[in-house]
Novice: 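Below: one structure in structure tokens.
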Amino acid sequence: MSETFRAPIGTQDVLPPDSHRWQILVSTFADVAARYGYGLVHGPMFEDIGVFLRLGAGTDVVRKEMYDFHDKGDRHVALRPEATASVARAYVQHRPVTPWKVWCVTPVFRYERPQAGRLRQHHQVDVEVLGEADPDVDVEVIALGADYLAALGLRRWRLVINTMGTPADRAAYARTLTEWLRDRAADLPAEDREKVESHPLRVLDSKRPETQEVVADAPRIADVLDQGSRDHFARVQEGLRALGIPFEIDVRLVRGLDYYTHTLFEFQSEALETAQSTVIGGGRYDGLVEQLGGPPTPGIGFGSGIERMLLACDAEGVLPPPESVLDVFVVDVTGGAAARDLAQELRAAGLRTDRAFGGRSMKAQMKVAGRSGARVAVIVGEQELAEGTATVRDLRLGEQQTVPRDELVARVRRMVEAE
RNA sequence: GUGACCGUAGCUCAGUUGGCUAGAGCGUCAGGUUGUGGCCCUGAAGGUCGGGAGUUCGAUUCUCCUCGGUCACCCCA
């Protein structure tokens with residue numbers, strides 16, 4: 001009977017004033033995306049599960065982390081485990097003119113064990129460009145990410161890039177690597193040994209030191225890339241250098257989604273002490289649209305976790321302290337009708353206004369007014385009510401004056417605007 | 001999915017070698033003024049000591065299970 005509930009494991013409520021910080025991130029991202037000419041897209045938070053299965057059977061996100069279920073019409077659907085597949089599906093469905101440059105904000109669901117910087121429902125801002133294979137697009141997308149970090153005021157991060165080449169390059173490399181690893185499997189920890197046949201690339205970026213020792217002189221992807229892939233990657237590096245965006249190449253950077261081709265990149269916060277430090281991650285996915293039933297269409301994009309970016313912002317102390325969300329607070333000890341009417345009048349004039357309810361004492365109402373952060377209190381007592389006036393108090397200076405009602409809005413506005 | 005640590009009021013935490021009505025600070029609410037906040041003083045509300053089972057004369061304190069939290073692995077934003 002008195003059972004209580006909490007937010008589900010790995011989810012969180014975002015309440016004021018913290019929700020304000022969210023808005024800062026999203027609006028900052030929106031500004032940057034607009035500066036690059038990207039349009040906003042909204043889409044369903046769930047899709048036919050087939051959309052996500054195209055991410056690849058070797059992907060944990062698909063294999064074991066999906067929130068999937070059968071709806072009342074027995075359709076097998078899944079909550080978004082990432083944004084790219086949904087956007088690609090929308091592209092196939094609507095066939096917009098290319099290059100299609102879009103961004104979105106979306107919740108993302110993954111059935112994982114939560115830890116610092118990782119949730120079962122988190123939120124991402126995301127950009128995607130479909131229909132353009134030019135390596136300059138890779139550069140633009142990465143530059144957009146760097147500008148986002150800069151706009152937030154973050155300085156302690158590094159950009160790591162790598163290339164997977166074409167799907168053929170990738171497959172060839174995986175074969176080469178498997179063969180090479182087979183001979184050394186005995187030296188690998190059991191967890192990584194299991195991946196030799198199934199996901200050889202994942203052995204490369206294992207965190208285990210024993211594995212890193214073995215893999216140190218493994219064959220490199222660069223050794224199998226075709227000329228086109230080499231040229232593409234070279235052009236990306238050239239672009240980043242030209243734009244003054246510092247980066248490092250990490251030949252062991254793999255990333256978990258199977259659909260990546262050519263350029264892969266991650267922005268990692270160096271201010272975060274946690275194990276999860278990637279704040280932006282993405283790459284090119286030239287085969288994905290085709291796998292979703294569309295025409296051969298190149299694509300590239302990245303996702304950036306809002307919660308994790310907030311952790312990075314905290315670690316660098318870059319977000320401004322929350323400012324007051326109110327201009328005026330109306331105190332009325334004559335029954336509340338005056339507060340009701342004056343508050344609406346002030347709001348109609350564009351002033352951010354709140355009031356006390358419940359007919360509390362003036363002292364109690366003043367306390368709420370003080371706590372509200374409003375610059376001005378408008379006070380109506382029996383005296384003001386009788387003479388058609390209101391008392392206007394500057395809560396910061398502690399000075400007040402009684403003015404006729406028809407001068408109220410103008411007076412309050414002047415005080416709010418005054419420094 | 002695996003492992004470690006943790007679980008006392010809304011929040012941050014005391015506490016008892018197992019034993020009378022479980023405490024503090026902050027917060028909330030009400031007073032200290034006849035119409036006034038931020039400081040100060042007083043008081044009040046608020047906890048089945050996460051839940052269940054066991055050991056015991058007796059458990060918030062010991063054991064087990066479970067749920068939840070945190071962090072790490074895995075994986076990823």
Side-chain angles (χ1 to χ4, degrees), chain A residues 2-12 15 25 55 58-65 80-84 105-126 145 189-192 194-195 199 202 205-208 211 253-257 266-269 272-282 301-312 329 331-334 356 358 360-386 391-400 402:
Chain A
S2 58
E3 184 186 9
T4 59
F5 298 97
R6 300 177 50 91
I9 295 175
T11 68
Q12 54 187 210
L15 313 176
L25 285 209
L55 301 187
T59 310
D60 276 7
V61 165
V62 168
R63 263 175 45 234
K64 44 188 190 186
E65 297 176 1
R80 295 190 157 174
E82 58 113 47
T84 303
V105 201
T106 178
V108 171
F109 305 86
R110 290 176 197 164
Y111 195 90
E112 307 181 272
R113 196 79 169 263
Q115 71 183 71
R118 198 176 70 185
L119 296 161
R120 285 191 175 175
Q121 177 182 341
H122 77 277
H123 302 261
Q124 291 187 9
V125 290
D126 176 275
E191 295 86 342
D192 289 328
E194 290 169 7
K195 296 187 214 156
H199 322 70
R202 297 242 49 119
D205 65 350
S206 168
K207 282 182 190 170
R208 291 169 217 286
T211 302
L253 178 67
V254 174
R255 300 190 51 74
L257 282 345
E266 279 186 7
F267 287 88
Q268 299 162 354
S269 168
L272 286 175
E273 309 275 333
T274 55
Q276 316 300 329
S277 62
T278 299
V279 291
I280 293 177
F302 70 71
S304 174
I306 293 178
E307 290 85 350
R308 200 177 282 180
M309 190 67 85
L310 235 23
L311 292 177
F329 195 94
V331 169
D332 171 11
V333 289
T334 67
R360 302 212 281 157
S361 71
M362 176 167 290
K363 178 171 181 166
Q365 292 192 46
M366 283 303 295
K367 209 169 165 185
V368 178
R371 198 170 47 208
S372 76
R375 175 71 191 266
V376 176
V378 168
I379 303 165
V380 178
E382 296 302 339
Q383 176 119 28
E384 287 85 350
L385 188 65
T391 293
V392 180
R393 180 179 179 86
D394 186 313
L395 289 168
R396 215 181 300 168
L397 304 176
E399 297 164 354
Q400 65 186 48
T402 300

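Within every chain, numbering begins at 1; the chains are lettered A, B, ... in the order of the sequence lines, protein sequences first and strands thereafter.
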Novice: Distance check, rounded to the nearest 0.5 Å: I9(A) atom CD1 versus R113(A) atom CZ?
Specialist: 8.0 Å
Novice: Which residue lies toward the 5' end of RNA chain B, R118(A) or P114(A), if each is placed at its nearest nucleotide?
Specialist: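 Checking each residue's closest nucleotide, the 5'-ward one belongs to P114(A).
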Novice: Counting only distance, no hydrogens or angles, is the base of A77(B) paired donor-acceptor with the side chain of R110(A) under 3.5 Å?
Specialist: yes
Novice: Would you measure the distance from the C1' atom in G10(B) across to the matching atom in U28(B) and give it in whole Å?
Specialist: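 So the two C1' atoms sit 8 Å from each other.
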Novice: In whole Å, what is the span from the CD atom of E194(A) to the C1' atom of U2(B)?
Specialist: 12 Å
Novice: Take atom CG of L119(A) and atom P of G69(B), then tell me their distance rounded to the nearest Å.
Specialist: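 After rounding, the reported distance stands at 11 Å.
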Novice: Write down the atom of L395(A), the atom of M366(A), and the distance for their closest heavy-atom approach.
Specialist: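 So the two residues come closest at CD2-CE, 4.0 Å.
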Novice: Answer with yes or no whether the side chains of T278(A) and E266(A) bring together a donor and an acceptor at under 3.5 Å.
Specialist: yes
Novice: My understanding is that a pair needs two contacts under 3.5 Å, Watson-Crick or G-U wobble. By that rule, which nucleotide pairs with G54(B)?
Specialist: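 C62(B) - that is the nucleotide pairing with G54(B), both distances being under 3.5 Å.
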Novice: Looking only at atom P, what distance separates C73(B) and C57(B), rounded to whole Å?
Specialist: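 Each nucleotide's P atom is 48 Å from the other's.
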Novice: Hey, does the side-chain of R208(A) have a donor or acceptor N/O within less than 3.5 Å of a partner on the base of C74(B)?
Specialist: no
Novice: Where the side chain of R371(A) is defined as all heavy atoms beyond and including C-beta, which of U28(B), C75(B), G35(B) is the nearest nucleotide?
Specialist: U28(B)
Novice: Which whole number of Å gives the distance between the P atom of U63(B) and that of U55(B)?
Specialist: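 It comes out at 16 Å once rounded to the nearest Å.
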Novice: Starting at the 5' end of RNA chain B and moving along, which residue's nearest nucleotide shows up first, Y111(A) or E273(A)?
Specialist: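 Whichever sits nearer the 5' end wins; that is Y111(A).
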Novice: To the nearest 0.5 Å, tell me how far Q124(A) CD sits from I280(A) CD1.
Specialist: 10.5 Å
Novice: Among the nucleotides A77(B), C73(B), G38(B), which one has an atom lying closest to any side-chain atom of T278(A)?
Specialist: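 Shortest atom-to-atom distance from the side chain points to A77(B).
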Novice: Side chain of L395(A), heavy atoms from C-beta onward: which of G35(B), G37(B), C73(B) has the nearest atom to it?
Specialist: G37(B)
Novice: Which nucleotide in the set C73(B), A72(B), A77(B) lies at the smallest distance from any side-chain heavy atom of A116(A)?
Specialist: A72(B)
Novice: Among C74(B), A72(B), G35(B), which nucleotide sits nearest the side chain of T391(A)?
Specialist: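 Of all the options, the side chain of T391(A) is nearest to G35(B).
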Novice: Whole angstrom is fine here: how far is it from CD in E399(A) over to P in G37(B)?
Specialist: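 Whole-Å distance recorded here is 16 Å.
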Novice: Is Q115(A) close enough to C71(B) that one of its side-chain N or O atoms is under 4.0 Å from OP1 or OP2 there?
Specialist: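 Q115(A) to C71(B) OP1/OP2: no side-chain N or O under 4.0 Å.
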Novice: If we take the P atom in both C71(B) and C26(B), what is their distance in whole Å?
Specialist: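 Each nucleotide's P atom is 29 Å from the other's.
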Novice: Pick the P atom in C49(B) and in C62(B), then give their distance to the nearest Å.
Specialist: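 It comes out at 15 Å once rounded to the nearest Å.
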Novice: Under 3.5 Å for both donor-acceptor distances, Watson-Crick or wobble: does G3(B) have a partner, and if so which one?
Specialist: C71(B)
Novice: In Å and rounded to the nearest 0.5 Å, what is the CG to CD distance from L253(A) to Q268(A)?
Specialist: 7.5 Å
Novice: Report the distance from atom CD of E65(A) to atom P of G1(B), rounded to the nearest whole Å.
Specialist: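 So the two atoms are 12 Å apart, to the nearest Å.
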Novice: Report the distance from atom CG of D332(A) to atom CE of M362(A), rounding to the nearest 0.5 Å.
Specialist: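 Reported to 0.5 Å precision, the distance equals 8.5 Å.
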Novice: Using a cut-off of 4.0 Å on non-hydrogen atoms, how would the nucleic acid contact of E384(A) be classed: base, sugar-phosphate, or nothing?
Specialist: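 The residue E384(A) makes base contact.
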Novice: What is the distance, to the nearest angstrom, from the CD atom on Q276(A) to the C1' atom on C75(B)?
Specialist: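 Distance check: Q276(A) CD to C75(B) C1' gives 8 Å.
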Novice: Reckon V333(A) touches a base, only the sugar-phosphate, or nothing at all at heavy-atom distances under 4.0 Å?
Specialist: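 Contact class for V333(A): none.
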Novice: Quote, to the nearest angstrom, the C1' distance that separates G18(B) from G27(B).
Specialist: 33 Å
Novice: Using only heavy-atom distances, determine whether the side chains of S277(A) and S269(A) contain a donor-acceptor pair under 3.5 Å.
Specialist: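 No - no donor-acceptor pair under 3.5 Å links their side chains.
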Novice: By nearest atom, which of the nucleotides C74(B), C75(B), U36(B) is closest to the I379(A) side chain?
Specialist: U36(B)
Novice: Quick one: E112(A) CD to A72(B) C1', roughly how many Å, whole number?
Specialist: 14 Å
Novice: The side chain of R113(A) is closest to which nucleotide in this list: C74(B), G1(B), G32(B)?
Specialist: G1(B)
Novice: In whole Å, what separates the C1' atom of A14(B) from that of A24(B)?
Specialist: 7 Å
Novice: Would you kindly give the NZ-to-P distance between K363(A) and C39(B), to the nearest whole Å?
Specialist: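 Going from K363(A) (NZ) to C39(B) (P), I get 12 Å.
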Novice: According to the Watson-Crick and G-U wobble definitions, with both distances under 3.5 Å, which nucleotide is paired to U17(B)?
Specialist: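 Base-paired to nothing in any strand shown.
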Novice: Applying the Watson-Crick and G-U wobble criteria at under 3.5 Å, what pairs with G25(B)? Answer none if nothing qualifies.
Specialist: C11(B)
Novice: Determine: side-chain N/O of K207(A) to OP1/OP2 of C73(B), distance under 4.0 Å, yes or no.
Specialist: yes
Novice: In whole Å, what separates the C1' atom of A30(B) from that of G46(B)?
Specialist: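 The same atom, C1', in both gives a distance of 15 Å.
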Novice: The side chain of R6(A) lies closest to which of these nucleotides: A77(B), C74(B), G69(B)?
Specialist: G69(B)
Novice: Does Q365(A) get its side chain close enough to the base of U36(B), under 3.5 Å, for a donor-acceptor pair?
Specialist: no
Novice: Does R360(A) make a side-chain N or O approach to OP1 or OP2 of A30(B) shorter than 4.0 Å?
Specialist: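 Checking R360(A) against A30(B): at least one side-chain N or O falls below 4.0 Å of OP1 or OP2.
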Novice: How close or far is atom P of A77(B) from atom CD of Q268(A), stated in whole angstroms?
Specialist: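 Going from CD in Q268(A) over to P in A77(B) covers 12 Å.
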Novice: Taking atom CD1 of I306(A) and atom CG of L25(A), what is their separation to the nearest 0.5 Å?
Specialist: 6.5 Å
Novice: Taking OP1 and OP2 of C75(B), is either one under 4.0 Å from a side-chain nitrogen or oxygen of K195(A)?
Specialist: yes
